[in-house]
Amino acid sequence: MDYKKLADLLFKDYDLTYENCLKTFPDRSLPKGAEVVRIAPSPTGYLHIGSVYGAFIDKLIAYHSGGIFYMRLEDTDSKREVENAGDIAYDMLSTFGLKPDEGYTGDGKAQKGSYGDYVQSRRKKYYIAFAKHLVSIGRAYPCFCKSLDGIDEIKKRRQEEIEKTCDIEEKDKCRNLTFEQIEENLKRGMSFAIRLKSMGDENKVFKFYDEIKGEREIRENTKDIVLLKSDFTPPYALAHVVDDTLMHTTIVVRGEEWYSSLASHLEIFKALGLNPPKYAHTPVVCKMDENGNKRKLSKRKDPEADARFFIEQGYPIDSVMEYLLNLINSDYEDWRKVNPDKSYYDFPFKVSKIGSNNPIFDFQKLNDFSKQVISRFTAEQIFSSVKDWAETYDKQFFDKIKDKKDFCVKLFSIDRVNVKNVRKDISRWGEVYSLYDYMFDNLNLKTLPDYEFDSGLDKNLTIKFLQEYKTLYSSSDEKDTWFDKIRNLCPKFNFASNMKDYKKSPDSFAGSIADASSIIRVAITTRKNSPDLYYIMNLLGQDEIISRIDKTIDLLSR
RNA sequence: GGUCCCGUGGUCAAGCGGUUAAGACAUCGCCCUUUCACGGCGGUAACAUGGGUUCGAAUCCCGUCGGGAUCACCA
């Protein structure tokens, strides 16, 4: 068959040639070793935390090699497209500190760089030119079959084929159509897709090097995959080959779910006589489900799959990034310990150090990273971060703190400023209120039905202790005086006034100075856990302290 | 079902033929201490399984089991 003639017949309205495409986008003149990487999200609603993970790897590669990190919007599936999703993705990337150097820049039309357009729906001519070239060299052909309609139909058919115990092969009927048959179909106005004419042998393998997985053997591709849908937009495979060729991507970082279609991508490159980029197939971030099984983070079931979740929860960006970086290169935390003040971009990251196990997202570990990140914040930084967060995610809390900067800074300085070891109690801004509510509410908590005073001690003893202590407390006392008053009160209630005595013979005491402190703490803060009590009481002021003690006595006396 | 990927403590993980099998989170205990916390010290806890190869296997090979991915005119 005269393939050249076939190509012209099929694409008579399209003049752009494959050769011209290549000429239009010459090599980037970059220093040796500089990598060109890309993040290519599809605009389907929100940015997956896995994309942040992948984009971070991209950014790290570009940063360490002095290369370029660009963003391309993969919007060829108009059915799934969600409005503004591209902008959302760009904004999210930016808030995570992963702003691309080149490409899509957010507000629809705007782009940066000379290898565009960076939106696939506007690159149709290139895909067609490549497909046409493939037809003209006999490596692609038109397919007139009707496509399956929707995911349900596909699943149904797959189930049928599985039951028949046979592999689903796209040995296409249209592969051997004659020129005349094709011409006839065209005359009848039939629409067609373009398929790759695969030349692979399913019994043959070839060697392949993956930057993460290392050296592998891959089975040759035998699938006549679709290169151009009947509306002449490309599915992922062709779009990937065309765009990453024309934009001169040097290393493709993508999730492991792509690994099984790799052979078909490589066959397209080969058919075109092109060198493929390097590939790094990353593990997929998973979670433990109810049955104790690992599974990919899913958009439907798992709120944490959405990158916005972490912002809503009030995790500092750095906390998320450091946690992710530790997943990427697990020796990160050791490095961080030795380099507490450096930027994580200084960490000697290596693609080859990425493990190939799918990690389970561990919130405890994230929280630990986050506590450490926040422990490096100043009191002012904590205040402004909490305020900014609350303004959009917790309006009520925002109203409580917005005009109380001095108060808050003092509060966040307790156990944080001028101390040897910084208190690490906050892991995200969203929990600040629940940790410190007693500082912002005028303690009507004790009148709430579900509030129960619990110092772990006898009620009457507690009441008597508080009655006595109330008469002694003065907010003008120095810390030593304040403490001595509590200590001096101890013998009267048979509390040990130091822990050593108490430990020697706990049975001979009703409690210890620790219990005495605990009574006061719970009365003031309603909980057994708070920063340095002296400063807390001081901040609250004489009247509030007396009032809270009164309320507690009242409550306990009922 | 076919193909591919992956199995080291509860979780993340070092390990690359000879290790007392690191470290971190979590957990437990002790110390410090006016509580909680922070910090320090220590403990519990792992090579999925069965066969090989080898003087020697977590490490190499094969089988089994378990988990995951993929098999669209979706990305």
Side-chain angles (χ1 to χ4, degrees), chain A residues 40-44 74-77 79-80 143 145-151 153-155 157-159 161-170 191-195 202 213 216 218-219 223 225-231 233-237 239-240 254-263 281 283-284 286 288 293-296 323 326-327 330-331 333-334 337 355-369 375 415 419-425 455 482-483 486-487 490 497-499 512-522 525 527-534:
Chain A
S42 55
T44 50
E74 311 228 319
D75 62 341
T76 54
D77 186 11
K79 283 177 226 139
R80 294 208 311 166
C143 168
C145 300
K146 193 181 171 295
S147 65
L148 292 175
D149 191 23
I151 185 73
E153 198 169 318
I154 289 156
K155 279 184 180 159
R157 192 189 63 169
R158 186 169 308 158
Q159 198 51 43
E161 310 235 0
I162 286 168
E163 277 159 19
K164 275 188 279 168
T165 351
C166 67
D167 196 3
I168 299 158
E169 277 290 328
E170 298 292 343
S191 65
F192 61 91
I194 298 293
R195 285 184 185 274
E202 60 181 343
K213 294 166 173 296
R216 297 283 141 154
I218 292 186
R219 203 166 290 277
K223 286 187 162 57
I225 57 168
V226 171
L227 262 18
L228 233 40
K229 307 179 208 174
S230 45
D231 64 357
T233 62
Y236 175 87
H240 154 53
R254 51 158 47 163
E256 203 189 14
E257 66 267 25
W258 291 109
Y259 191 70
S260 36
S261 50
L262 177 63
H281 289 93
V284 179
C286 292
M288 197 68 91
N293 292 329
K294 246 188 198 187
R295 62 140 214 268
K296 200 170 151 183
Y323 173 67
N326 197 240
L327 243 34
S330 69
D331 55 338
E333 57 188 328
D334 297 332
K337 206 180 279 175
S356 42
N357 259 336
N358 296 341
I360 291 176
F361 200 98
D362 182 352
F363 275 95
Q364 283 183 324
K365 189 76 176 175
L366 202 219
N367 288 342
D368 180 65
F369 266 104
S375 75
D415 289 346
V419 290
K420 205 169 143 210
N421 296 307
V422 175
R423 185 180 189 86
K424 291 174 182 158
D425 56 348
S455 68
W482 168 83
F483 175 58
I486 299 172
R487 195 199 292 278
C490 283
S497 49
N498 70 64
M499 293 308 284
S512 69
I513 191 161
D515 294 310
S517 302
S518 192
I519 292 173
I520 301 170
R521 165 172 280 109
V522 179
T525 68
R527 64 200 67 207
K528 288 178 163 180
N529 176 331
S530 82
D532 194 310
L533 231 204
Y534 171 74

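Throughout, protein chains are lettered first and strands after them, A, B, ... in sequence-line order, and every chain is numbered starting at 1.
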Heteroatom pairs (N/O) under 3.5 angstrom, protein to nucleotides 29-33 of chain B:
{"residue": "B/U33", "atom": "O4", "partner": "A/Lys503", "partner atom": "NZ", "Å": "2.8"}

**Residue list, ring-ring contact (aromatic ring centres under 6.0 Å, His included) with A/Phe363, at least two apart or on another chain** =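 Once residues adjacent in sequence are excluded, the partners of A/Phe363 under the ring-ring contact (aromatic ring centres under 6.0 Å, His included) criterion are A/Phe361.
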Applying ring-ring contact (aromatic ring centres under 6.0 Å, His included) to A/Tyr259 and not counting sequence neighbours gives A/His281
>> Restricting to salt bridge (Lys or Arg N to Asp or Glu O under 4.0 Å), what partner residues turn up for A/Asp532, sequence neighbours left out?
In response: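 Residues passing salt bridge (Lys or Arg N to Asp or Glu O under 4.0 Å) with A/Asp532: A/Lys479.
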By salt bridge (Lys or Arg N to Asp or Glu O under 4.0 Å), A/Asp415 pairs with (sequence neighbours left out) A/Arg423
Taking only residues two or more places apart in sequence or in another chain, which ones pass side chain to side chain donor-acceptor pair (under 3.5 Å) with [X]?
X	value
A/Asp331	A/Lys353
A/Trp482	A/Tyr469
A/Asn367	A/Tyr315
A/Ser517	none

Contact string for nucleotides 19-27 of chain B, one letter per nucleotide 5' to 3', B = base within protein heavy-atom range under 4.0 Å, S = sugar-phosphate only, - = neither, reads ----BBSS-
Close N/O contacts between protein and nucleotides 65-69 of chain B (under 3.5 Å):
{"residue": "B/G68", "atom": "OP1", "partner": "A/Lys294", "partner atom": "O", "Å": "3.4"}
{"residue": "B/G68", "atom": "O2'", "partner": "A/Asn358", "partner atom": "ND2", "Å": "3.4"}

Encoded 5' to 3' (Watson-Crick or G-U under 3.5 Å; [ ] crossing; | other strand), RNA chain B becomes ((((((((.[[[..)..(....]]].(((((.......)))))....[[[[[..)....]]]]])))))))....
